[in-house]
Amino acid sequence: MSSPSTAALSEPGSSDLLAWYDCHRRRLPWRALPGEIADPYRVWLSEIMLQQTTVAAAGPYFLAFLQRFPDVFALADAPLDDVLRRWAGLGYYARARNLHACAVVVAREHGGVFPGTEAELLALPGIGPYTAAAVAAIAFDEPATVVDGNVERVVSRLFAVEEELPRARPRIRKLAATLTPARRPGDFAQAMMDLGATICTPRRPACSLCPWNENCEARAEGLQESFPRKAAKVDRPTRFGHAFWAERTDGAVLLRRRAATGLLGGMVEVPGSAWAETSLGGLPENPPLPSNWQPMGTARHVFSHFALELSVFRATFTNDTPPPEGCWWSLEVEKEALPGVMRKVEKVARSAG
DNA sequence: TAGGCGTGGTG
DNA sequence: TCACCAAGCCT
């Protein structure tokens, strides 16, 4: 890792980072005031929401959840569909299902008190190595090593780790552990993430403002933007389908619930065809009810591993039309647990075209 | 263990 | 427009 030209760099010290953090820490809804230990419920809730999700996206959801579910008992006692409705639009819906399952376990088996060690936290639904370490460090001041995408970037640059992600993870974890201090481990974890989010960014890092700029091997070589090294990624295929917006004269819309697990598991959708690898024809395929379906346009959406083009069809029905098997008429579409892709279908269906 | 699993912001 | 990517977890 260290070439002769960089061997002279001194090791990065946690005190330099903590001093920077004390001046430049971000003020976030889930953070306790300086010197206070945060509420484990809030820390856990925020960490679940922040998995692969930006601070800006999670913020409003966090506040809404806290209002509707002020503690772990309120969350555990709520029906899953209430949780899914509040989560709708945030993505990765297995998080919401696991969030609810975790709340039930904590409420019923731990008396509503979150366990304080990494190992115990790791055993809970939806809590993996990152979240277990983050909650232990931030809410319980345990000296856990927290490694997320920010930390991977910071550490890979500090030590110029040539190995590619994801294979480099074990090495990065060991290096991160050598940096983690016994004192203020929670602040240190949040400082690492703040540094990665505001200074040591993926592109155009602001090295001149970094408290570790004299300790960074990548910067010493002028190669900071080329870390972390990453394996080439595969391209994303496109799938095609038909979606059917059936509306009664009183405004009710025909909906159904997806299977409990898998893509958009447990969420609500309008009826549609299966999603195929090749483009479907222009004629409506597998409509839920017979009608003169009108083409309204295309809803395009990108999931994590494929893109989707849904041809949207619309038809109206009388108020006495019985719903097909597995479907229901909803008069409150806005309150249903519709994922983002279905909101796009709705927009196309309600457009003038 | 590598792939499944959402969505929105950014340069 | 498009590629990248954001406080990952589960199987």
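Below, read A as the first sequence line, B as the second, and so on, with proteins coming before strands; counting in each chain starts at 1. The analysis underlying the following values was restricted to heavy atoms, covering all of them including side chains, and did not include hydrogens, waters or symmetry mates.
Here A:Trp87 lies out of heavy-atom contact (under 4.0 Å) with every strand. Residue A:Arg343 is classed as having no contact, given no heavy-atom separation below 4.0 Å to the nucleic acid. Contacts of A:Thr131 with the nucleic acid, taken as non-hydrogen atoms under 4.0 Å apart, involve only primed sugar atoms and P, OP1 or OP2. The residue A:Gly265 sits apart from the nucleic acid: no heavy atom pair falls under 4.0 Å. Nucleic acid contact class of A:Val146 (heavy atoms, under 4.0 Å, all strands): none. Among the protein residues, A:Pro339 comes within range of the sugar-phosphate backbone only, with heavy atoms under 4.0 Å from sugar or phosphate atoms but none that close to a base. The residue A:Ile127 sits close only to the backbone: its heavy atoms come under 4.0 Å of sugar-phosphate atoms, none of a base.
Close to B:dT7, at under 4.0 Å from its OP1 or OP2, lies a side-chain N or O of A:Tyr93. Contact check, A:His301 against B:dG6: no side-chain N or O comes under 4.0 Å of OP1 or OP2. Residue A:Gln52 places at least one side-chain N or O closer than 4.0 Å to OP1 or OP2 of C:dG8. A close approach under 4.0 Å does not occur between any side-chain nitrogen or oxygen of A:Lys344 and OP1 or OP2 of B:dT7. Distances shorter than 4.0 Å separate none of the side-chain N or O atoms of A:Arg204 from OP1 or OP2 on B:dT10. At the phosphate of B:dC5, OP1 or OP2 sits under 4.0 Å from a side-chain N or O atom of A:His305.
The separation between A:Leu99 atom CG and C:dC10 atom P is 12 Å, rounded to whole Å. Between the OH atom of A:Tyr61 and the P atom of B:dG6 there is a distance of 13 Å, rounded to whole Å.
Within 3.5 Å, a donor on the side chain of A:Thr53 pairs with an acceptor on the base of B:dG6, or the reverse.
Results of the side-chain contact (heavy atoms from CB on, under 4.5 Å) test with A:Val270 over A:Val333, A:Val312, A:Leu310, A:Leu255 single out A:Leu255 as the only residue that passes.
Straight-line distance between the C1' atoms of B:dT1 and B:dC5: roughly 16 Å, to the nearest whole Å.
Side chain to side chain, A:Tyr130 and A:Glu47 meet the donor-acceptor criterion of an N or O pair below 3.5 Å.
In summary, A:Arg85 and A:Asp81 engage in a salt bridge, as defined by a charged side-chain N under 4.0 Å from a carboxylate O. A salt bridge is absent between A:Arg229 and A:Glu163; no separation between the charged side-chain nitrogens and carboxylate oxygens falls under 4.0 Å.
In this structure, the side chain of A:Thr53 does not engage the main chain of A:Leu50 through any donor-acceptor pair within 3.5 Å.
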